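Predicted, not measured: the structure shown is a model, and the values here were computed from it.
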Amino acid sequence: MNTSETEDVLAVAAAWRAAGEQVAIATVTETWGSSPRPAGSQMAITASGRMAGSVSGGCIEGAVAEAAQETIRTGRPQLLDFGVSNERAWEVGLACGGKVKVFVEKLS
Amino acid sequence: MTPELIAAIERAKAEKRPMVLATRLADGTQLLLPDPAAAPALAEAARAALRDDESRTVHLPDGDWFLHVYNPPVRLVVVGAVHIAQALVPMAALLGLDVIVVDPRRAFASEERFPNVKVMQEWPDEALDAIKPDSRTAVVTLTHDPKLDDPALDRALKSEAFYIGALGSKKTHAARLKRLRALGHDEAALARIHGPVGLAIEAVTTPEIALAILAELVAVRRGALLAERAAA
């Protein structure tokens, strides 16, 4: 029991990469209010659509996966902001009312 | 992120070395700390994050950095390879705890009863001297046998273990405290022992008792109001 999780998302990401997949890693870097997952929570996404781990209670995973595809394409990292002040967050619907920042990077 | 960096993180985890992966959010620059070549401000921020056991974003002169903390797992020393331990051990593993079972009675501490967990068959005081409980270690005694529980509690009280629990009724616990007092432990020290162990959830079955113990351990570790009320 610490800030890490039982599921080792990085190990999964590395295994996918080793198998020839294009992989992005998303990490919660900051939270405010009642966000469901703490900073450090991670999700791995492949170009082929596989996913492991999570960065919320399921409310923003779709949008993060979309951003991950862009990062896989361009190689450029992104810092995504989901919160009440963000139009997109309303769309995506962070039901808990919290705010999170998610860093998305490509596994080279 | 690179496969080499992930391999380095996995290695540190396997060796139970505390470590921080620092990522500059503006451009994705990454390094693993501790690293003697790191900027002093970043190195200090990483040390603080490890101490607090909290991954976080810090604002430094050269940009915002995300510090991902990889501390070795919290350890749980279970004294007594008894029936409750058989429920407690897999549940603790699910919580990510690094579990060590201590019981010198070979019939109890068998591989068959406790697969995939570290079992020590030394006497509890010797085992705890070897384990060296620190502020990231919990010690729970389950044997009901003073010959086994008392030396374990004595060593736990002399350590910085963040959680010490002892199975047994209020009456058993009162007798136990009397014996520990005779060993020289004062009231402040004895107050560290959670006994009867576990949150008062009216647990009846073995897994329920294990749940009550683990719930209390989590409450203490996370500073829950519940745990403070229980201690008061």
*Asks:* Would you check if the side chain of B:R75 reaches a backbone N or O of B:I131 as a donor-acceptor pair within less than 3.5 Å?
*Replies:*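 Yes; judged by distance alone, with no hydrogens or angles, the pair exists.
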*Asks:* Does A:T29 offer a backbone N or O that forms a donor-acceptor pair with the side chain of B:T57 under 3.5 Å?
*Replies:*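 Here the side-chain-to-backbone pair exists.
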*Asks:* Any side-chain to backbone donor/acceptor pair from A:T71 onto A:R76? Under 3.5 Å, distance only.
*Replies:* yes
*Asks:* Would one find more than 12 heavy atoms of other residues, nucleotides or ligands at under 6.0 Å from atom CD of B:E15?
*Replies:*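 More than 12 heavy atoms, drawn from other residues, nucleotides or ligands, come within 6.0 Å of this atom.
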*Asks:* Between B:R221 and B:D53, is the closest basic N to carboxylate O distance under 4.0 Å?
*Replies:* yes
*Asks:* Under a 4.5 Å heavy-atom cut-off, does chain B meet the side chain of A:Q78, its backbone, both or neither?
*Replies:* neither
*Asks:* Report, by ascending residue number, the residues of residues 40-49 of chain B in heavy-atom contact with chain A at a distance under 4.5 Å; give 'none' if the set is empty.
*Replies:* none
*Asks:* Indicate yes or no for a side-chain donor-acceptor contact from A:E61 to the backbone of A:S56 under 3.5 Å, with no hydrogens or angles considered.
*Replies:*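 Such a contact is found between A:E61 side chain and A:S56 backbone.
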*Asks:* Highest number of heavy-atom pairs under 4.5 Å with chain B: which of A:P77, A:S108, A:A14?
*Replies:* A:S108
*Asks:* Would the distance check show the side chain of B:N71 and the main-chain N or O of B:L50 forming a donor-acceptor pair, the cut-off being under 3.5 Å?
*Replies:* yes
*Asks:* Got B:K118 and B:D98 here, is their nearest side-chain heavy-atom distance under 4.5 Å?
*Replies:*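 No, their side chains stay 4.5 Å or more apart.
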*Asks:* Can you tell which part of B:L25 gets under 4.5 Å to a heavy atom of chain A, answering side chain, backbone, both or neither?
*Replies:*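 For B:L25, heavy atoms of backbone and side chain both lie under 4.5 Å from chain A.
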*Asks:* Is A:T31 close to chain B through its backbone or its side chain, or both, or neither, when contacts mean heavy atoms under 4.5 Å?
*Replies:*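 When you check distances to chain B, no heavy atom of A:T31 falls under 4.5 Å.
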*Asks:* Can you tell me if B:R113 uses its side chain to pair, donor with acceptor, with the backbone of B:A81 under 3.5 Å?
*Replies:* yes
*Asks:* Against chain B, label A:I25 side chain, backbone, both or neither, depending on which of its atoms sit under 4.5 Å from a heavy atom there.
*Replies:* side chain
*Asks:* Quick check for you: among A:R17, A:E105, A:K106, which has the greatest number of heavy-atom pairs under 4.5 Å with chain B?
*Replies:* A:E105
*Asks:* Tell me, for B:L21 versus chain A, whether the close heavy atoms (under 4.5 Å) come from the side chain, the backbone, both or neither.
*Replies:*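 For B:L21, neither part sits under 4.5 Å from chain A.
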*Asks:* Side chain, backbone, both or neither: which part of A:L10 has an atom under 4.5 Å from a heavy atom of chain B?
*Replies:* both
*Asks:* With no hydrogens and no angle check, is any side-chain donor or acceptor of B:R192 less than 3.5 Å from a backbone partner on B:L157?
*Replies:*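 It does hold such a pair.
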*Asks:* Would you say B:S55's side chain and B:V69's backbone share a donor-acceptor pair under 3.5 angstrom?
*Replies:* yes
*Asks:* Check whether B:D64 gets within reach of chain A through its side chain, its backbone, both or neither, counting any heavy atom under 4.5 Å.
*Replies:* neither
*Asks:* Checking heavy atoms, do the side chain of A:V28, its backbone, both or neither come under 4.5 Å from chain B?
*Replies:*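 Contact with chain B is through the backbone of A:V28 alone.
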